[in-house]
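Here is the structure we will look at.
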Amino acid sequence: MIDLTEVQPRRGERLGVRQPTPPARLDALSRDILALKREMKAVILAHNYQVPEIQDIADYVGDSLGLSQQAAKTDAEVIVFCGVHFMAETAKILNPGKVVLLPDRDAGCSLEESCPAPKLKALQETRPDLWTIAYINCSAEVKALSDVICTSGNAERIVNAAPKDRELLFVPDENLGAWVIEKTGRPMTLWKGNCYVHVEWTHAAITRIRTEFPDAPLIAHPECIKAVRMLADEVCSTEKMISYCRQNPACAFIVATEAGMLHRLRKECPGKEFIPAPTENCMCNECRFMKMNTLEKLYDCMANRAPAVELAEDVIQRARIPIERMLEISARP
Ligand code: 13P
Ligand code: SF4
């Protein structure tokens with residue numbers, strides 16, 4: 001197992017200032033998108049980190065697990081996926097015969113980038129004893145090399161279901177992996193990748209905000225570093241944050257995850273206050289990849305039926321096995 005004290009978080013980048021689209025234009029675009037959706041017999045799936053105007057017109061908004069479950073059961077002819085590239089790829093792997101559109105092909109993920117398939121393959125060749133669990137934030141090629149996929153919403157369950165007689169390799173998020181080790185007690189070799197957004201929260205910045213709002217529980221995503229997870233009242237996936245805040249009697253919560261989540265929380269838990277956890281050096285709580293998607297680009301991708309996810313047939317076939325294994329384990333009572 002990798003010594004976590006060696007792990008140095010990568011610093012995030014400052015975000016450029018986006019020009020806001022006027023409300024009348026947003027309304028017109030939303031109407032056009034919904035009309036196009038009916039015409040195309042499409043479904044719009046959106047991740048919790050999408051901008052509010054996309055969340056507000058989506059058929060389903062949720063975390064990576066919920067989105068892959070929706071993709072697995074949809075009977076729509078076209079899937080329009082508002083999230084990042086690996087999420088749209090997952091929908092395509094589950095629906096090879098359908099058109100899967102995404103507003104911006106360049107909406108990547110720092111975790112996906114940290115784990116190139118040839119590097120993983122080289123490690124697996126030198127260590128054939130390893131059983132590979134891949135966090136869904138990875139490329140289709142990495143999924144094709146993996147034994148099972150997990151999300152932040154089911155990682156504990158997936159690791160508990162892994163064969164007891166095998167050594168486990170967890171890719172690509174060292175922070176999520178370390179959290180699952182703590183939860184399950186199961187040792188794993190961790191790939192050294194991280195989310196450039198979630199490593200921006202520090203122990204010092206969180207301690208300061210907790211002092212300011214002593215009655216507000218802190219909810220944190222497991223992609224945060226251990227020093228932050230230790231301070232949290234709840235560490236969970238974005239979707240579980242909603243049920244936690246609904247059930248908890250507190251009136252205010254400090255939220256250590258991407259800023260898009262605040263819109264979803266405010267909608268689902270009216271009357272409660274959600275305070276974005278401050279990062280140390282900059283307002284780095286927006287994922288630049290998630291924020292590449294706009295209503296304009298969503299309309300264009302539907303009107304042009306492009307960009308669409310394209311994957312090699314053999315990658316689809318191999319990547320589908322560990323994704324279906326994940327869905328099957330998640331559906332167990
Ligand atoms: P969730 O599956 O918890 O929504 O997380 C996805 C993600 O990319 C977190 O950064
Ligand atoms: Fe990837 Fe982090 Fe963005 Fe999630 S928030 S999509 S893990 S870069």
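Computed over heavy atoms, backbone and side chain alike; hydrogens, waters and symmetry mates excluded. Numbering of residues begins at 1 and proceeds along the displayed sequence. Atoms within a ligand are numbered from 1 in the order they appear, just like the ligands themselves.
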Within ligand 1, which atoms have a heavy atom of His198 less than 4.0 Å away? 10 (O)
Closest approach of any protein heavy atom to atom 5 (O) of ligand 1, naming residue and atom: His221 NE2, 3.2 Å
Would you say the side chains of Tyr135 and Glu223 form a donor-acceptor pair under 3.5 Å? yes
Looking only at the side chains, is there a donor atom on one of Ser330 and Asn154 sitting less than 3.5 Å from an acceptor on the other? yes
Answer yes or no: is there an ion pair linking Arg208 with Glu280, defined by an N-O contact shorter than 4.0 Å? yes
Verify the distance criterion only: is there a donor paired with an acceptor across the side chains of Glu239 and Asn48 at less than 3.5 Å? yes
If hydrogens are left out, which of Ser152, Ser68, Ser64, Gly83 has an atom nearest to atom 3 (O) of ligand 1, that is, the closest non-hydrogen atom? Ser152
Thr189 and Glu167: side chain donor to acceptor below 3.5 Å: no
Considering only NZ, NE, NH1 and NH2 on the basic side and carboxylate oxygens on the acidic side, decide whether Asp147 and Arg166 come within less than 4.0 Å. no
Looking only at protein heavy atoms, which one is nearest to atom 2 (Fe) of ligand 2, and how far off is it? Cys195 SG, 2.3 Å
Using a strict 4.0 Å threshold on nitrogen-to-oxygen distance, state whether Lys267 and Asp56 make a salt bridge. yes
Just jot down the ligand 1 atoms closer than 4.0 angstrom to any heavy atom of Asp63, in number order. 1 (P), 2 (O), 4 (O)
Glu223 heavy atom under 4.0 Å from ligand 2: yes
Going by atom types alone, do Asn293 and Gln50 pair a side-chain donor with an acceptor below 3.5 Å? yes
Number the atoms of ligand 1 from 1 as they appear, then name those within less than 4.0 Å of a heavy atom of Ser237, with their elements. 3 (O)
Out of Val84, Asn137, Ile136, who is nearest to atom 7 (S) of ligand 2 when you count heavy atoms only? Asn137
Is it the side chain, the backbone, both or neither of Asn137 that has a heavy atom closer than 4.0 Å to ligand 1? side chain
If we ignore angles and hydrogens, is there a donor and acceptor under 3.5 Å between the side chains of Thr238 and Asp63? no
Enumerate the atoms of ligand 1 whose separation from the nearest heavy atom of Tyr49 is less than 4.0 angstrom. 7 (C), 9 (C), 10 (O)
Can you tell me which residue and heavy atom of the protein come closest to atom 3 (Fe) of ligand 2, and the distance to 0.1 Å? Cys287 SG, 2.4 Å
Between ligand 1 and Thr151, can you find any atom pair, the residue atom being a heavy atom, that is separated by under 4.0 Å? no
Does Glu239 have a non-hydrogen atom less than 4.0 Å from ligand 1? no
Should the proximity of Glu258 to ligand 1, defined as any heavy atom under 4.0 Å, be assigned to the side chain, the backbone, both, or neither? neither
Numbered atoms and elements of ligand 2 in range of Leu111, under 4.0 angstrom, heavy atoms: 7 (S)
Would you kindly say whether Ser139 and Glu112 are connected by a side-chain donor-acceptor distance under 3.5 Å? no
Would you tell me whether Tyr49 and Thr257 have side-chain atoms, one donor and one acceptor, within less than 3.5 Å of each other? yes
Any nitrogen or oxygen of Glu223 lying under 3.5 Å from a nitrogen or oxygen in ligand 1? Just yes or no. yes
When you measure from atom 8 (S) of ligand 2 to every protein heavy atom, which one gives the shortest distance, and what is it? Ser110 N, 3.6 Å
Name the closest protein heavy atom to atom 1 (Fe) of ligand 2, giving the residue it belongs to and the distance to 0.1 Å. Cys109 SG, 2.4 Å
